[in-house]
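Remarks on the structure that follows.
Naming convention: chains lettered A, B, ... in sequence-line order (proteins, then strands); numbering from 1 in each chain.
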Protein chains: 2
Amino acid sequence: MRVSTRFSDSIHLLAYLKIYADTKLTSDAIAASIETSPVVVRRLMSKLRKAGLITTTPGTAQPALAKPLTDISLLSVFYAVEGDKPLFAVDPKTNPACIVGGNIQTVLKQYYQDAQMAAEARLARTSLQDIVDNILVEQAKKEARQN
Amino acid sequence: MRVSTRFSDSIHLLAYLKIYADTKLTSDAIAASIETSPVVVRRLMSKLRKAGLITTTPGTAQPALAKPLTDISLLSVFYAVEGDKPLFAVDPKTNPACIVGGNIQTVLKQYYQDAQMAAEARLARTSLQDIVDNILVEQAKKEARQN
DNA sequence: ACTTCCTGTAACTTTATTAATTACCGAGAT
DNA sequence: ATCTCGGTAATTAATAAAGTTACAGGAAGT
C-alpha cells in the first residue's frame, strides 16, 4: 500500500496556520507548502475541525486554531486523522483449529497494545508548540549558515 | 496501503516451530496454520534465516530455531522482517521555500524516532518464549471451558 | 538411477489503501 | 452579480503487500 502521510501533513498544516497566521490561509496556499492538492488539505482540515482542533468558515479563507498550540499534543493530531488505527497489525485470519492459530491474536493484541501505548505516551508529551519552536530554530540555523 | 502482517505471521511461524516441533514442518503445514500460501511462508523463513533466527535445509522440511526462544525478542523479529521501516512516515516532498516545508522533516524525524524507540523498547522486553507461554495458557483456558 | 517431496526464488497478478483529480454546491466578500 | 473559496462526493492513479504460478535444484527412499 501507499504509506499514509496524513499525520505528518496535519502537523505541517497546523504549524503553517500558526507561522503564517498573517497571510491568506487558503487551501491553495497551504497545499503549495505541503506540495499536495487543495482538496487533500480541505479533507485534512475537515478531520481536524471535527476533532475540535481548528475552526473554519465555509466560503472564506479563515481557518484558525481552536486552542493554544501548547494545548494540542501530537497524539491528539494523530487520533484526529488516523483514528485508533493500530501501529502493529494482527493477522485476523489464522487457523482456529491450530494451537497457535487459535490463540495468537489474543496474545499478540496485548503486547502490541503495550508497545503502541508507549509510543503514544511520547506523542502525548509533545505539543505543537514544541514543533513550531523547533521549526523556527531550524530555520534560524539555516539563515545563519547563509551569512 | 494494505497493512503488513509479516510481523505477526513471523511470530506465528516461530511459535509454530516450537509448539509443533515433533511434526512435519513443511511450508505447507505452516501455511495451513497461518492461512496463507506456502510461498509466503518460505519468503518469511528466508528473512528469518538471513537474520540468524532459524536454520533451514534446502530440499528437506527441517526448519529449526537457531537459538532458545528466550533469546529471541519481538524486536529482533520485527527488524528481521520489516527492516528499519519507520512506524510514522514523514512526508518527504514539501516546499523547501516555506519555513514549515523547509524544516519540518528534520523536526518530525526526531520526535517520531523518540516515539518509535519507546515502542521498540517494549518489543525488546518481550521474548518469543513469553508468547509461546501465553499461547499455551490461552489454549488451556479454552480447553477448560469445554469441560 | 529414478521418483517423490521439498525448499528457494523469480516473475506476475490480485487486492487494498492512499493520494490526486475532477466536478459541483453553496457560503461570503466586494 | 460575480468572484473566491470551503466542503464533499466520485473517480482515477499510484503504491505496497499478499497471493499465485513456475521452475531449478537438494534430500531421501525405493
Side-chain angles (χ1 to χ4, degrees), chain A residues 1-10 12-13 16-17 23-51 53-64 66 78 81-83 85-94, chain B residues 1-10 12-13 17 23-51 54-64 78 80-95:
Chain A
M1 82 194 144
R2 191 179 230 182
V3 65
S4 169
T5 54
R6 279 194 297 268
F7 182 35
S8 292
D9 289 344
S10 298
H12 186 145
L13 195 162
Y16 189 96
L17 292 189
T23 67
K24 256 181 71 178
L25 297 171
T26 65
S27 52
D28 262 292
I30 301 170
S33 171
I34 305 184
E35 289 194 358
T36 181
S37 87
V39 177
V40 169
V41 171
R42 295 201 289 267
R43 274 202 290 246
L44 288 177
M45 288 204 293
S46 174
K47 286 184 185 252
L48 296 173
R49 177 166 38 77
K50 281 166 188 162
L53 302 183
I54 63 172
T55 58
T56 62
T57 354
T60 180
Q62 284 177 327
F78 184 78
V81 295
E82 298 285 359
K85 199 192 70 171
L87 290 177
F88 304 99
V90 169
D91 189 339
K93 183 171 131 293
T94 60
Chain B
M1 82 187 146
R2 187 181 236 179
V3 63
S4 168
T5 54
R6 278 194 296 268
F7 182 34
S8 292
D9 289 345
S10 298
H12 186 145
L13 195 163
L17 292 189
T23 67
K24 255 181 72 178
L25 297 171
T26 65
S27 52
D28 261 291
I30 301 171
S33 172
I34 305 184
E35 289 194 357
T36 181
S37 87
V39 176
V40 169
V41 171
R42 294 202 289 267
R43 275 202 288 243
L44 288 177
M45 288 204 294
S46 174
K47 285 183 186 256
L48 296 172
R49 179 167 36 78
K50 281 166 189 163
I54 63 172
T55 58
T56 63
T57 353
T60 180
Q62 285 176 328
F78 184 78
V81 294
E82 299 285 358
D84 54 358
K85 198 193 69 170
L87 291 177
F88 305 99
V90 170
D91 188 339
K93 183 172 130 290
T94 61
N95 190 339

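Rounded to whole Å, atom P of D:dT21 lies 13 Å from atom CG of B:Asp28. When the P atom of D:dA18 is taken as reference, atom CD of B:Glu35 falls 15 Å away, rounded to whole Å. Remark: P of C:dA19 and CG of A:Leu13 are 13 Å apart, rounded to the nearest angstrom. Atom P of nucleotide D:dG7 and atom CZ of A:Arg49 are separated by 5 Å, given to the nearest angstrom. Atom CD in B:Glu82 sits roughly 7 Å away from atom P in D:dA17 (whole-Å rounding). What separates NZ of B:Lys47 from P of C:dT7 is a distance of 19 Å, to the nearest Å.
A:Ser8 is linked by a side-chain hydrogen bond (donor to acceptor under 3.5 Å, both in side chains) to B:Tyr112, counting only residues two or more places apart in sequence or in another chain.
Base engagement by A:Arg43 is indicated by at least one non-hydrogen atom pair under 4.0 Å involving a base atom. Using a 4.0 Å heavy-atom criterion, one finds that A:Thr56 contacts the sugar-phosphate atoms exclusively.
Between B:Lys24 and C:dC6 there is a side-chain polar atom (N or O) within less than 4.0 angstrom of OP1 or OP2. Regarding contacts with the backbone of D:dG7, every side-chain N or O of A:Ser46 stays at 4.0 angstrom or more from both OP1 and OP2.
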Dump every N/O contact between nucleotides 1-3 of chain C and the protein below 3.5 Å, one line per pair.
none

Any protein N or O atoms within reach of nucleotides 22-30 of chain D? Criterion: under 3.5 Å, listing atom names and distances.
unit_1: D:dG26; atom_1: N2; unit_2: B:Gly59; atom_2: O; d: 2.8

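Which of C:dT7, D:dG19, D:dA18 sits closest to the side chain of B:Thr36 comes down to D:dG19.
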